[in-house]
Q: 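Structure below; questions to follow.
Counting starts at 1 for both ligands and their atoms, in listed order. The analysis underlying the following values was restricted to heavy atoms, covering all of them including side chains, and did not include hydrogens, waters or symmetry mates.
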Amino acid sequence: MKIIKLNAIDSTNTFLKNMVSKVVVDDFTVVVTKTQTKGRGQMNSDWVVEEGKNLTFSVFSSFIGLKVEHHKYLNFCVSLSVFEALEALELPNLSVKWPNDILSGNKKLGGILIENTLKGSNIVSSVIGIGINVNQNSFPNNLPNASSVKKILGREFDLDVLLENILKNLKGYFNLLERKEYNLLEEAYLKVLYKKNVPTMFKNSQNTLFMGKIIGVSKSGNLQIELENETIQEFGLKEVSF
Ligand code: BTN
């Protein structure tokens with residue numbers, strides 16, 4: 001495993017993707033930086049970090065025989081790896097908000113951006129970007145739901161140790177993925193899924209509010225919600241918020 005440590009870069013995902021397009025990159029190459037000038041989040045959002053305070057990195061991983069139709073299990077692996085590393089710090093009420101936000105209570109501590117390279121019906125490799133608010137002291141007013149490990153637990157944590165633990169977990173989970181232990185991954189993910197089976201208010205893409213409860217993740221990776229009339233509806237990332 002190769003770890004490239006940088007002080008500043010636009011985005012570790014962008015950097016690693018560029019690198020992969022130009023040279024042969026070893027499996028499990030990691031790029032970690034103290035700060036990003038153009039960090040990217042889900043759905044074209046920005047990911048802004050306080051310099052040197054947070055864990056901001058990307059991992060390159062190649063896969064053999066991983067079908068695009070099984071992409072949700074890759075997501076489960078990454079979410080669970082981060083979840084378990086944070087769980088070891090004894091953060092209260094940790095969960096994974098579908099698809100892969102890491103929460104303590106209802107505060108977001110971390111996010112994941114997975115960018116896959118496909119060949120036919122296979123995922124041949126991924127750049128997995130992970131951002132965790134570890135030692136950040138404060139957040140801008142426009143991010144009322146963001147928090148950090150330090151804000152919750154009241155002390156600072158070593159970024160290198162956390163990185164090492166997440167990478168160790170990822171290796172373990174990718175082993176399960178390679179062995180096609182899909183049921184096991186699904187079970188582990190559903191156990192930690194935020195608001196699972198809890199009556200919740202959702203908003204659809206037309207801004208209409210509705211009640212329902214999350215019951216799982218569909219084959220294609222969509223969120224499955226049981227509505228009040230007991231029918232089950234599937235929602236993609238852009239189709240629902242809660
Ligand atoms: C999200 O919750 O919207 C996903 C955030 C992902 C942020 C990480 S930080 C490291 C990597 N580089 C990026 O530009 N984004 C990811």
Q: Measure across Leu103 and Lys108 and return the closest heavy-atom pair with its distance rounded to 0.1 Å.
A: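 Heavy-atom minimum between the residues: CD2-CA, 3.6 Å.
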Q: Taking Lys150 first and then Glu156, would you say they form a salt bridge - that is, a charged N and a carboxylate O separated by under 4.0 Å?
A: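 So Lys150 pairs with Glu156 through a salt bridge.
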Q: Distance check, rounded to the nearest 0.5 Å: Ile166 atom CD1 versus Leu55 atom CG?
A: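 Here the rounded value is 5.0 Å.
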Q: Got a sec, which residues hit side chain to side chain contact (heavy atoms under 4.5 Å, CB included) with Ser220, two or more places apart in sequence or on another chain?
A: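 Ser218, Asn222, Glu234.
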Q: For ligand 1, give me the residues whose heavy-atom distance to it is below 4.0 Å, by chain and number please.
A: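 Residues near ligand 1: Ser11, Thr12, Asn13, Gln36, Gly39, Arg40, Gly41, Gln42, Ser45, Trp47, Thr56, Phe57, Ser58, Asp101, Lys108, Gly111, Ile112, Leu113, Gly129, Ile130, Gly131.
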Q: Is the distance between the ring centroids of Phe235 and Phe210 less than 6.0 Å?
A: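 Ring centres of Phe210 and Phe235 closer than 6.0 Å.
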Q: Exactly one of Glu115, Arg40, Lys38 should register a side chain to side chain donor-acceptor pair (under 3.5 Å) with Thr14. Which one does?
A: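 So the option named by the test is Arg40.
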